[in-house]
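The structure appears below as structure tokens.
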Amino acid sequence: MQETDFGVCRLSLVPVRKDPADQSEQVTQLLFGDHYTVAELTRDRKWIRIRVDFDAYEGWIDAKQHLSISKEYFNHLNQAEFKITTDITSTLLYNKIPQVVLMGSMIPITSSELFKMEEQFAFNGEAKNVGQRRDAEFLRAITLKYLNSPYQWGGKSPFGIDCSGFTQMVFKICGYRLLRDAAQQVNQGKGVESLAGSKPGDLAFFSNEKGKVVHTGILLAENKIVHSSGKVRVDHLTEEGILHAESRKITHRLSAIRRIMT
């Protein structure tokens, strides 16, 4: 491994941890096709601190789950218009071996064959061009595919996802770039003055007693909100906050609404 290295995820899902240990908390995940820069190696070379290219998020991965790529291929991954999967699960042939990939995975297949692929892929699932921006109706359809996904701290997949991982992945599939944490996402897009002025596809943010943004979700029609809390669920949104559909109690206090889709 070189002093400055680059990598790409070629597994279905890889945990990214706060510290270089299996017992350390998961802060985010890599899905198939996510690429990153290597920032640091532990002395025993068993753990790698990475910086994810999509959102500049940092954390540690097991060195056994790292696949090194050249700087040229890393730059190519940044420039090419690849596909992003839209099925909950899909199967591809990677170097002639079947592999399951999850919704939101990056598949380095384009309509152009003007470059030399370093790897061999064959994919027949549902996907779209990652940079192609879609409308609120498409966004709604993607959010509903995540319904009942269990909440998981640091998760980004239909089989475990946190609140900001959910919003980031939905918007990524729709062609928009969000940062990783709710406290970062609240500074993106354009502010919406009130719930009455909101529209489907807007992001709602919620703060704790100290005023720190700690939760987020996506607005649907008729003041409904889909968010990851225990599981990805649909609740009612009021000017006060989220009204839990079953308990009829306010569970999160509304702090801000932001418009990402223009």
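These figures come from a predicted structure and were not determined experimentally.
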Please list, one pair per line, the donor and acceptor atoms closer than 3.5 Å that link side chains of residues 247-257 to other protein atoms, with sequence neighbours excluded.
| from | atom 1 | to | atom 2 | distance (Å) |
| --- | --- | --- | --- | --- |
| Ser247 | OG | His244 | ND1 | 3.4 |
| Ser247 | OG | Lys249 | N | 3.3 |
| Arg253 | NH1 | Glu240 | OE2 | 2.4 |

Any donor-acceptor N/O pair, Asp19 side chain to Ala21 backbone, under 3.5 Å: no

Gap between atom CG of Asn124 and atom OG of Ser90 - 0.5 Å precision: 10.0 Å

Arg17 with Glu25: basic N within carboxylate O range, under 4.0 Å: no

Closest approach of Tyr57 to Val27 (non-hydrogen atoms, all atoms of both residues): CE2-O, 3.8 Å

Under 3.5 Å, which donor-acceptor pairs link side chains of residues 125-133 to any protein atom two or more places apart or in another chain?
| from | atom 1 | to | atom 2 | distance (Å) |
| --- | --- | --- | --- | --- |
| Lys128 | NZ | Gln132 | O | 2.7 |
| Lys128 | NZ | Ile173 | O | 2.9 |
| Asn129 | OD1 | Lys83 | NZ | 2.9 |
| Arg133 | NE | Gly175 | O | 3.4 |

Residues, nucleotides or ligands: over 12 heavy atoms within 6.0 Å of Asp22 CG: yes

Straight-line distance of Ser68 OG to Tyr73 OH, nearest 0.5 Å: 12.5 Å

Any donor-acceptor N or O pair under 3.5 Å, side chains Thr42, Asp44: yes

Closest heavy-atom pair and its distance - Ile69, Asp5: O-OD1, 4.0 Å

Salt bridge (charged side-chain N to carboxylate O under 4.0 Å, His left out): pairs with one or both residues in residues 166-180, sequence neighbours excluded: Asp34-Lys172, Asp162-Arg180

Connected hydrophobic set around Trp153, excluding itself, where side chains approach under 4.5 Å: Tyr151

Between Tyr36 and His66, a side-chain donor and acceptor under 3.5 Å: yes

Any donor-acceptor pair under 3.5 Å from Asp135 side chain to Phe138 backbone: yes

Separation between CD1 of Ile260 and OG1 of Thr167, rounded to the nearest 0.5 Å: 9.0 Å

Step-by-step side-chain contact (heavy atoms from CB on, under 4.5 Å) determination, Glu58 to Ile50: CA-CA 6 Å; Glu58 295 190 5; Ile50 65 166; over 6 Å; no

Partner residues of Tyr176 under the ring-ring contact (aromatic ring centres under 6.0 Å, His included) criterion, sequence neighbours left out: none

Check against side-chain contact (heavy atoms from CB on, under 4.5 Å), Glu246 and Arg233: CA-CA 11 Å; Glu246 287 78 44; Arg233 54 178 295 121; 2.7 Å; yes

Contact summary for Leu67 and Tyr94, nearest pair of heavy atoms: CD2-OH, 3.8 Å

Trp60-Leu41 co-clustered via ILVMFWY side chain contacts under 4.5 Å: no

Main-chain N/O of Gln188 paired to Arg258 side chain as donor or acceptor, under 3.5 Å: yes

Minimum heavy-atom distance Leu219-Ser198, with the two atoms named: CD2-OG, 3.3 Å

Gln152 and Gln29, any side-chain heavy atoms less than 4.5 Å apart: yes

Step-by-step ring-ring contact (aromatic ring centres under 6.0 Å, His included) determination, His35 to Phe6: CA-CA 8 Å; His35 59 293; Phe6 304 92; 9.4 Å; no

Over 12 foreign heavy atoms within 6.0 Å of CD, Glu239: yes

Non-neighbouring partners of Phe171 that pass ring-ring contact (aromatic ring centres under 6.0 Å, His included), sequence neighbours left out: none

Atom pair CZ (Arg51) and CD (Glu40), whose distance is rounded to the nearest 0.5 Å: 10.5 Å

Within-4.5 Å side-chain heavy-atom neighbours: Val226 and Phe166: yes

For Leu237 against Ala204, the heavy-atom pair lying closest together: CD2-CB, 4.1 Å

Criterion side-chain contact (heavy atoms from CB on, under 4.5 Å) on Ile218 and Ile225, from CA distance to verdict: CA-CA 6 Å; Ile218 301 171; Ile225 183 170; 5.8 Å; no

Nonpolar side-chain network containing Leu179, other nodes, edges under 4.5 Å: none

Hydrophobic cluster membership, Ile161 vs Leu139, 4.5 Å side-chain cutoff: yes

Results of side chain to side chain contact (heavy atoms under 4.5 Å, CB included) for Asn223 - residues two or more places apart only: Leu195, His236

Nearest heavy atoms of Pro158 and Ser149, plus distance in Å: O-OG, 2.8 Å

Heavy-atom donor-acceptor pair, Lys145 side chain to Thr86 backbone, under 3.5 Å: yes

Path from Ile242 to Val186 over hydrophobic side-chain contacts below 4.5 Å: no

Inter-residue atom distance Glu137.CD - Cys174.SG, 0.5 Å rounding: 11.0 Å

Joint cluster assignment, Leu93 & Phe82, ILVMFWY side-chain distance < 4.5 Å: no

Side chain Gln79, main chain His76, donor-acceptor under 3.5 Å: no

Check: Ser164 main-chain N/O paired with Gln185 side-chain donor or acceptor under 3.5 Å: yes

Common cluster, Leu77/Leu31, ILVMFWY with side-chain heavy-atom separation under 4.5 Å: yes

CA sep, side-chain torsions, deciding dist, call: Asp53, Phe74, side-chain contact (heavy atoms from CB on, under 4.5 Å): CA-CA 10 Å; Asp53 184 77; Phe74 178 87; 3.6 Å; yes

Contacts of type ring-ring contact (aromatic ring centres under 6.0 Å, His included), residue Phe205, not counting sequence neighbours: none

Pairs meeting criterion side chain to side chain donor-acceptor pair (under 3.5 Å) with involvement of residues 203-218, two or more places apart: His215-His227

Contacts of type side chain to side chain contact (heavy atoms under 4.5 Å, CB included), residue Asn148, not counting sequence neighbours: Lys231

Enumerate, atom names and distances included, each donor-acceptor pair closer than 3.5 Å involving a side-chain atom of residues 96-108, sequence neighbours excluded.
| from | atom 1 | to | atom 2 | distance (Å) |
| --- | --- | --- | --- | --- |
| Gln99 | NE2 | Arg10 | O | 3.1 |
| Ser105 | OG | Leu102 | N | 3.3 |
| Ser105 | OG | Leu102 | O | 2.6 |

Pairwise distance OG(Ser70) to CG(Asn75) - rounded to 0.5 angstrom: 8.5 Å

Asn95 and Phe121, any side-chain heavy atoms less than 4.5 Å apart: no

